[in-house]
Visitor: 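Before I ask anything, here is the structure I am working with.
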Amino acid sequence: MSQTAAKAPGAPAPSGDANRWRALVFIALAQLMVVLDATIVNIALPSAQVDLGISDGNRQWVVTAYALAFGGLLLFGGRIADLWGRKNAFVVGLIGFALASALGGAATNQAMMFGARALQGVFGALLAPAALSLLAVMFTDAKERAKAFGIYGAIAGGGGAVGFILGGVLTEYMDWRWTFFVNIPFAIVAALGAYFVIREPEGGRNRNPLDIPGVLLSTLGLVALVYGFTRAESNGWGDSVTVGMFVASAVLLLAFVVTEAKVKAPLLPLRVVTDRNRGGIYLSLGIAIIAMFGTFLFLTYYLQVVKGFSPIKTGFAFMPMIVGMMVGSTQIGTRLMTRLPARMLMGPGFLVAAVGMLLMTQLEIGSSYASTILPAMLLLGLGMGTAFMPAMSLATYGIEPRDAGVASAMVNTSQQVGGAIGTALLNTIAASATTSYVADHIGSATSKSQQQLVALEGQVHGYTNAIWFAVGMLVLAAAIVVTLVNAGRPDTSAVAGAGEGAEDELPVPVVAH
């Protein structure tokens with residue numbers, strides 16, 4: 001039986017597990033490894049492509065194989081964590097991720113590489129929701145939860161940018177294979193620490209039989225969606241297979257929703273996503289990630305191709321964004337989360353990030369890093385860090401322990417799908433604007449150097465056009481938060497009302513008995 005546990009005014013904060021802060025270290029380490037892996041391989045890809053003889057047409061599968069497995073299996077991974085126990089799923093996910101990384105680093109041909117990346121995605125889909133749901137069930141006191149999610153949010157937001165730095169260092173000074181091997185010590189330390197330190201609260205498992213139709217429909221639907229956007233980037237939006245993937249995804253996901261409404265023990269209980277606060281969080285996070293992922297890509301190309309930065313210099317150029325995210329998440333978000341409603345942090349956070357994006361729309365070939373890119377990155381990091389922190393916490397706050405895994409998986413799913421959409425959509429916008437600019441200006445270029453200049457100007461013009469779209473996405477994310485997210489500050493001294501009328505109150509943690 002489950003009931004809502006409320007703390008009476010003046011009562012001491014719940015002590016929880018004495019090891020929870022040590023456990024946070026290993027959970028954060030695992031999250032850093034997963035987020036790093038999403039970007040670190042991009043830096044190493046050109047070198048790996050040459051060594052393994054991967055064709056230009058097939059190189060996208062190094063990224064796509066991971067994205068499809070990870071994005072497609074997240075809901076299943078979250079449900080497995082609820083069934084097995086989060087600690088068990090977490091440790092198994094770490095061990096599997098380490099083995100898959102070893103396979104990738106030892107790859108001798110493209111098939112071995114693609115298989116290793118898919119396996120990384122499979123175990124990442126088990127690991128990521130288990131990590132977030134462990135935080136959700138271990139930290140129930142509002143102030144402690146704010147600190148824990150501040151650290152987690154900073155890593156989730158800034159880890160991708162750290163991947164650029166580490167990827168550049170490893171590729172330039174060692175070998176591309178170390179971008180895979182570096183995961184192994186991360187995983188071993190995190191798995192050993194988790195095994196000996198984490199004590200998962202009792203009674204939070206969901207032991208209902210697995211919803212096989214839900215697993216199949218959600219996995220196939222999400223795979224079709226992610227692959228559709230990935231293919232659109234390389235083959236165009238009008239490609240018959242691309243369109244077919246989108247149609248198949250819509251049919252499968254609609255069938256999934258219908259199935260979940262009818263089955264006795266659904267993979268994703270609709271109560272998880274129909275709550276206006278959680279629904280608003282998932283939607284706004286996904287839209288904000290669309291803006292971020294595309295911009296990461298454009299800035300990398302701008303700095304390396306247009307400005308001539310080395311991989312290492314490019315990685316360090318992202319440092320202001322990492323610093324901004326750390327400050328926004330651990331200082332602003334953590335300090336204000338228990339004092340202000342979540343929308344008062346997330347809405348302004350997304351708008352501050354939009355101002356940073358707005359500065360990037362002024363990029364030109366000769367733009368100064370110090371006067372344009374640096375302040376833009378600082379604002380982007382500060383805004384996203386401030387918004388991510390309450391978003392991560394609110395997405396799992398008040399959830400029944402039996403649903404913690406799938407609720408956490410939905411956070412990761414919105415980010416993964418948002419990343420796939422962002423990369424494909426913004427790349428398409430940029431490519432179209434570049435083609436149009438070059439066609440309009442190439443006629444006036446009489447020499448080869450002038451033609452090269454026009455080509456570079458066209459690239460920058462394409463980037464800035466796409467970044468304008470990213471600005472709009474962040475403003476939209478802020479509007480969604482203000483409209484849908486009506487939960488107040490997490491006050492454990494009050495029990496929230498039910499449904500949409502619970503204005504300015506958060507549901508307090510649910511404890512199983």
Side-chain angles (χ1 to χ4, degrees), residues 2 14 16-35 70 73-98 122-141 144-145 148-149 151-153 155-156 186-211 215 265-269 272 278 392-413 415 509-513:
S2 293
D17 177 39
N19 287 328
R20 63 193 178 283
W21 289 107
R22 280 191 287 171
L24 176 62
V25 173
F26 301 112
I27 294 169
L29 186 65
Q31 174 65 13
L32 178 61
M33 179 189 72
V34 172
V35 177
F70 189 71
L73 292 170
L74 271 167
L75 283 177
F76 182 47
R79 177 66 180 86
I80 290 295
D82 287 336
L83 182 66
W84 286 357
R86 287 116 206 156
K87 175 180 173 177
N88 294 336
F90 186 68
V91 172
V92 171
L94 280 166
I95 294 169
F97 202 92
V122 169
F123 287 106
L126 183 62
L127 169 63
L132 184 55
S133 58
L134 275 170
L135 285 189
V137 298
M138 291 177 73
F139 291 90
T140 54
D141 175 69
E144 288 195 348
R145 187 181 178 87
F149 276 88
I151 295 166
Y152 186 88
I155 290 171
F186 275 99
I188 291 173
V189 171
L192 287 173
Y195 182 78
F196 290 109
V197 171
I198 290 178
R199 297 290 180 267
E200 186 179 350
E202 294 292 330
R205 293 193 189 182
N206 184 343
R207 300 185 186 275
N208 288 321
L210 198 57
D211 170 21
V215 169
L267 173 69
L268 175 64
V272 172
R278 278 193 290 274
M392 293 286 185
S393 179
L394 188 58
T396 54
Y397 198 89
I399 198 77
E400 294 183 36
R402 61 185 175 144
D403 295 334
V406 290
S408 302
M410 277 302 300
V411 177
N412 290 284
T413 300
Q415 292 177 306
V510 175
V511 181
H513 293 284

Visitor: I need the L210 CG to L83 CG distance, nearest 0.5 Å.
Guide: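 The CG atom of L210 sits 6.5 Å away from the CG atom of L83.
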
Visitor: Which atoms form the tightest heavy-atom contact between P209 and A265, and what is the distance?
Guide: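 Where P209 meets A265 most closely, the heavy atoms are O-CB, 3.9 Å.
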
Visitor: Using side-chain contact (heavy atoms from CB on, under 4.5 Å), reason through L192 and I188 one step at a time and then give a plain yes or no.
Guide: CA-CA 6 Å; L192 287 173; I188 291 173; 3.9 Å; yes

Visitor: Where do F123 and V92 come nearest, in terms of heavy atoms and distance?
Guide: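 Residues F123 and V92, closest heavy atoms: CD2-O, 4.0 Å.
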
Visitor: Looking at OG of S408 and CG of L75, how far apart are the two atoms once the value is rounded to the nearest 0.5 Å?
Guide: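 These two atoms lie 11.0 Å from each other.
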
Visitor: Restricting to ring-ring contact (aromatic ring centres under 6.0 Å, His included), what partner residues turn up for F97, sequence neighbours left out?
Guide: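 For F97, no residue satisfies ring-ring contact (aromatic ring centres under 6.0 Å, His included) once neighbours in sequence are set aside.
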
Visitor: Going through the checks in order, is the side-chain contact (heavy atoms from CB on, under 4.5 Å) test met by M138 and L24?
Guide: CA-CA 9 Å; M138 291 177 73; L24 176 62; over 6 Å; no

Visitor: Can you give me the closest heavy-atom contact between A89 and A81, atom names plus distance?
Guide: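 Taking every non-hydrogen atom into account, CB-CA, 3.8 Å.
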
Visitor: In a check of side chain to side chain contact (heavy atoms under 4.5 Å, CB included) between F70 and each of V122, L127, T413, V34, which one passes?
Guide: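 Of the listed options, the one satisfying the test is V34.
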
Visitor: One pair to check against side-chain contact (heavy atoms from CB on, under 4.5 Å): E144 and R20. What are the steps and the verdict?
Guide: CA-CA 10 Å; E144 288 195 348; R20 63 193 178 283; 2.7 Å; yes

Visitor: Using every non-hydrogen atom in the two residues, find where V189 and L29 come nearest and quote the distance to one decimal.
Guide: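 Scanning both residues, the minimum pair turns out to be CG1-CD2, 3.8 Å.
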
Visitor: To the nearest 0.5 Å, what is the distance between CG (L94) and CE (M33)?
Guide: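 These two atoms lie 5.0 Å from each other.
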
Visitor: Going through the distances and angles, do V215 and R79 end up as a side-chain contact (heavy atoms from CB on, under 4.5 Å)?
Guide: CA-CA 9 Å; V215 169; R79 177 66 180 86; over 6 Å; no

Visitor: Quick one: CG on L73 to CG on N412, what's the gap to the nearest 0.5 Å?
Guide: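 CG of N412 is found 12.5 Å from CG of L73.
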
Visitor: Could you tell me whether a side-chain N or O of K87 sits under 3.5 Å from a main-chain N or O of R199, the two making a donor and an acceptor?
Guide: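 No, because the side chain of K87 does not come within donor-acceptor range (under 3.5 Å) of the backbone of R199.
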
Visitor: Determine the minimum heavy-atom distance between F26 and F90, stating which atoms define it.
Guide: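 Smallest heavy-atom distance, with atoms named: O-CZ, 3.8 Å.
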
Visitor: Rounded to the nearest 0.5 Å, how far apart are CD of Q31 and CG of L135?
Guide: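 Going from CD on Q31 over to CG on L135, the span is 9.0 Å.
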
Visitor: On a heavy-atom basis, which atom in G93 and which in L126 lie closest, and how many Å separate them?
Guide: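 For G93 versus L126, the nearest heavy atoms are N-CD2, 3.9 Å.
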
Visitor: Atom OG of S133 and atom CD1 of I27: how far apart are they, to the nearest 0.5 Å?
Guide: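 If we round to the nearest 0.5 Å, S133:OG and I27:CD1 are 8.5 Å apart.
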
